[in-house]
Peer 1: 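One structure, pasted below without further comment.
This is a predicted model, so every value here is computed, not measured. Counting begins at 1 with the first residue of the sequence. Read the numbers this way: they start at 1 and go in the same order the structure lists the ligands and their atoms.
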Amino acid sequence: MFIGHFGVGLAAKNIDKKPSLGTLFFASQFIDLLWPFFLLLGIERVKVEPGISAFTPLDFVYYPFSHSLLGVLFWSFLFGSIYFLVKKNFKTSLLLGILVLSHWILDLITHIPDLPLFPGVDTKVGIGLWNSIPFTIIVEGLIFITGSFLYIKATKAENKKGVFALWGLLIFLVVVYIMNIFSPPPDSAEAIGYVGLSQWLLIAWGYWIDRNRKGSNSN
Ligand SMILES: [Zn+2]
């Protein structure tokens with residue numbers, strides 16, 4: 001899942017207006033932001049295996065540190081705790097921790113059984129929405145559209161940048177998503193790692209958007 005995770009980050013702004021959209025993206029996409037580092041360091045592994053599921057040619061051979069249930073519970077706790085130590089805001093820390101965990105729940109729905117429960121244990125789970133391209137697009141598209149709508153409802157542009165930066169990102173994400181479906185499989189695990197790293201720019205984009213918009217109500 002890709003734009004679905006960003007949809008959840010966008011939606012969260014409607015629950016709590018304190019954290020920037022950049023922080024919300026950071027949380028909801030956190031384990032996919034760690035993953036490319038683990039790949040490039042050789043700690044985790046992915047294989048290009050066209051046909052493994054209808055939607056993606058990626059075979060997530062080994063990624064227990066970023067994507068096991070236990071791993072994500074650890075990251076979720078760590079993310080929330082660090083935010084709490086810095087901002088002393090329990091409610092927002094809790095929300096951010098849940099957002100980190102939400103990534104795994106959405107992955108559980110979409111991935112074929114490749115998500116480990118614990119490092120070192122062979123049991124892998126995944127409901128396999130990816131076996132159907134149309135269902136994947138419908139479910140992920142709905143999450144993304146709902147999230148975008150909620151973010152737009154929760155915030156108001158303070159200037160032109162607040163409009164164009166937001167719409168620019170929404171359109172960009174959809175274009176990347178569609179291109180991904182139609183483009184040939186990547187050449188190597190290394191290439192996947194470097195493309196993965198570029199996602200950090202989307203976090204910065206989130207901060208940029210949020211700086212030019214403010215909560216639509218008081219707050
Ligand atoms: Zn993921």
Peer 1: Tell me, do L40 and E190 make a side-chain contact under 4.5 Å, heavy atoms counted?
Peer 2: yes
Peer 1: Kindly state whether the ring of F6 and the ring of W205 have centres lying under 6.0 angstrom apart.
Peer 2: no
Peer 1: Mind checking whether the Zn ion (ligand 1) has an N, O or S of H103 under 2.8 Å?
Peer 2: yes
Peer 1: Among the N, O or S atoms that D107 has, which is closest to the Zn ion (ligand 1)?
Peer 2: OD2
Peer 1: For a distance under 2.8 Å, tell me if H67 has an N/O/S atom near the Zn ion (ligand 1).
Peer 2: yes
Peer 1: In D32, the N, O or S atom nearest to the Zn ion (ligand 1) is which?
Peer 2: OD1
Peer 1: Hey, is the main chain of F118 close enough, under 3.5 Å, to the side chain of S68 for a donor-acceptor pair?
Peer 2: no
Peer 1: Answer with yes or no after comparing the ring centroid distance for W104 and H67 against a 6.0 Å cut-off, counting only values under it.
Peer 2: no
